[in-house]
Amino acid sequence: MKFELTILGSGSAVPTSNRNSAAQVLNVLERYFLIDCAEGTQHQLRRFHIPYNKINHIFISHLHGDHYFGLIGLLSTLSLQGRRGEMHVYGDARLKEILDFQLGKMNTRFNFPLVFHALSRKEEVVYEDRVVTVSAFPLRHKPEAPVCGFLFKEKERERTIRKDMAEAWHVPVSFMQHLKQGADFITPEGEVVSNGRLTVAPPPARSYAYMTDTLYREKFADYVKGVDLLYHEATYGKESEVLAKESFHSTAEQAACLARLAGAGKLLLGHFSARYPDPCCLLPEAQALFPNTCVCSDGDVYEVPAVKRLV
């Protein structure tokens, strides 16, 4: 039962020979969500063997080019390949204007319905199905490019019935759904059989949060309390804290502070400035505050385990 993140791009505005700009794919039980779409993303999807025709939802954090310049190319390729199913795009309302302008100037259209969802500047659920919910929340970047983070939360699964015990207590088929939902069983004689004797609890639901291009603010930790896996930008090291503030970015140390405040399970650092040929130099400052920290590289895959944690 996969809950798996693949990093397609771990760099910032200027891509390097080994780091593409921002993009990643989250696989939640074979539901593929693309998060940001820098130039070259469709090449990265092929390079890392992502079944991109299964992507039905694309989330764009904000309108800086290193987060969306690859979108029109990817959508055009999908259209050329005969896609017919809906594609849902979530982003700043101006993104729809950009896409409409591009298509208008090319005098063309996609062969599939493109459904656009404008993000507000509020915390909100923007997508939900029987398996997962996706929430967007406001962060703090440059005024011309308001930015949203995204939280993906797996829904709690139903309990698994122990067939041997259900048969032993003669639980009728009509009551099985109640067992899955946690109800105790009462025999015809009035004896209460606890649900724990008849079922097995599901593994804990998993969660992932994406926070990019933002100033550090303690209050932002409230959006992602208890998240299992947190990706947070670390464009600069603490030696460039003034520059980070001036450019509305965060340092690796600040990312670690937020992960600690949120009670996250694991922190992934990304969106590195091209000034760091090897951003592993940023790891010690983050691990000093939040030991379970990793530096992302293009092609890395992270499986979110189903582990119950106390926050």
Side-chain angles (χ1 to χ4, degrees), residues 5 7 9-14 16 19 21-24 35-36 38 59 61-62 64 66-67 121 123 135-152 207-298 300 302 304 309 311:
L5 179 73
I7 304 297
S10 55
S12 57
V14 180
T16 67
R19 290 187 185 274
S21 297
Q24 47 189 246
I35 310 166
D36 277 341
F59 299 85
S61 62
H62 66 296
H64 276 162
D66 56 319
H67 294 262
R121 293 293 296 148
E123 185 178 12
S135 300
F137 51 88
L139 298 172
R140 182 77 171 91
H141 196 40
K142 294 183 179 180
E144 75 276 8
V147 62
C148 284
F150 301 106
L151 175 63
F152 298 78
S207 57
Y208 169 67
Y210 177 80
M211 302 178 75
T212 190
D213 289 45
T214 182
L215 286 170
Y216 170 72
R217 294 288 185 268
E218 286 188 3
K219 65 181 181 180
F220 293 161
D222 293 337
Y223 294 130
V224 296
K225 282 289 186 184
V227 70
D228 293 302
L229 182 65
L230 170 64
Y231 173 95
H232 197 290
E233 71 126 299
T235 308
Y236 301 106
K238 62 182 178 182
E239 82 286 349
S240 299
E241 187 171 349
V242 173
L243 176 58
K245 185 176 181 180
E246 290 174 347
S247 59
F248 294 81
H249 283 291
S250 297
T251 67
E253 182 179 65
Q254 289 170 337
C257 283
L258 192 132
R260 186 171 65 177
L261 285 170
K266 184 173 185 175
L267 171 64
L268 306 181
L269 301 179
H271 198 268
F272 306 113
S273 167
R275 69 176 55 200
Y276 301 107
D278 182 1
C280 285
C281 65
L282 303 175
L283 198 54
E285 70 179 75
Q287 288 182 330
L289 293 173
F290 194 83
N292 196 12
T293 301
C294 294
V295 165
C296 287
S297 294
D298 293 15
D300 283 353
Y302 299 91
V304 182
R309 297 182 296 106
V311 179

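Computation of the quantities below employed the complete heavy-atom set of this structure, encompassing side-chain atoms and omitting hydrogens, waters and symmetry-equivalent molecules. Bear in mind the structure is a predicted one, so any value in this text is a computation, not a measurement.
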If you look only at distance, which donor and acceptor atoms sit under 3.5 Å apart when one is on a side chain in residues 269-279 and the other is two or more places apart or in another chain?
{"residue": "H271", "atom": "ND1", "partner": "T235", "partner atom": "OG1", "Å": "3.0"}
{"residue": "H271", "atom": "NE2", "partner": "D66", "partner atom": "OD2", "Å": "3.3"}
{"residue": "H271", "atom": "NE2", "partner": "H67", "partner atom": "NE2", "Å": "3.3"}
{"residue": "H271", "atom": "NE2", "partner": "D213", "partner atom": "OD1", "Å": "2.9"}
{"residue": "S273", "atom": "OG", "partner": "R275", "partner atom": "N", "Å": "3.2"}
{"residue": "Y276", "atom": "OH", "partner": "G237", "partner atom": "N", "Å": "2.8"}
{"residue": "Y276", "atom": "OH", "partner": "E239", "partner atom": "OE2", "Å": "2.6"}
{"residue": "D278", "atom": "OD1", "partner": "C280", "partner atom": "N", "Å": "3.0"}

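With sequence neighbours left out, the side chain to side chain donor-acceptor pair (under 3.5 Å) criterion links D298 to S10, Q44. Partners of D222 under the side chain to side chain contact (heavy atoms under 4.5 Å, CB included) rule, at least two apart in sequence or in another chain, are K225. In terms of the ring pair (Phe, Tyr, Trp, His ring centres under 6.0 Å) criterion, Y208 has no residue partners (sequence neighbours excluded). Annotation: side chain to side chain donor-acceptor pair (under 3.5 Å) contacts of T212 (sequence neighbours excluded): none. Annotation: side chain to side chain contact (heavy atoms under 4.5 Å, CB included) contacts of K245 (sequence neighbours excluded): L215. Checked against side chain to side chain contact (heavy atoms under 4.5 Å, CB included), R121 has the following partners two or more places apart in sequence or in another chain: P138, P146, C148. For F137, the ring pair (Phe, Tyr, Trp, His ring centres under 6.0 Å) partners are Y223, not counting sequence neighbours. With sequence neighbours excluded, no residue forms a ring pair (Phe, Tyr, Trp, His ring centres under 6.0 Å) with Y236.
Between L261 and F220 the shortest side-chain heavy-atom distance does not fall below 4.5 Å.
Side chain of S297 to main chain of D300: no donor-acceptor pair is present (N/O by atom type, distance under 3.5 Å, no hydrogens or angles).
Remark: L229 CG to N292 CG distance equals 9.5 Å, nearest 0.5 Å.
Nearest heavy-atom pair, E241 versus Q254, reported as atom, atom and distance to 0.1 Å: OE2-NE2, 3.6 Å.
In this pair, F59 and F152 present their aromatic rings perpendicular. The plane angle is above 60°, beyond the 30 to 60° band.
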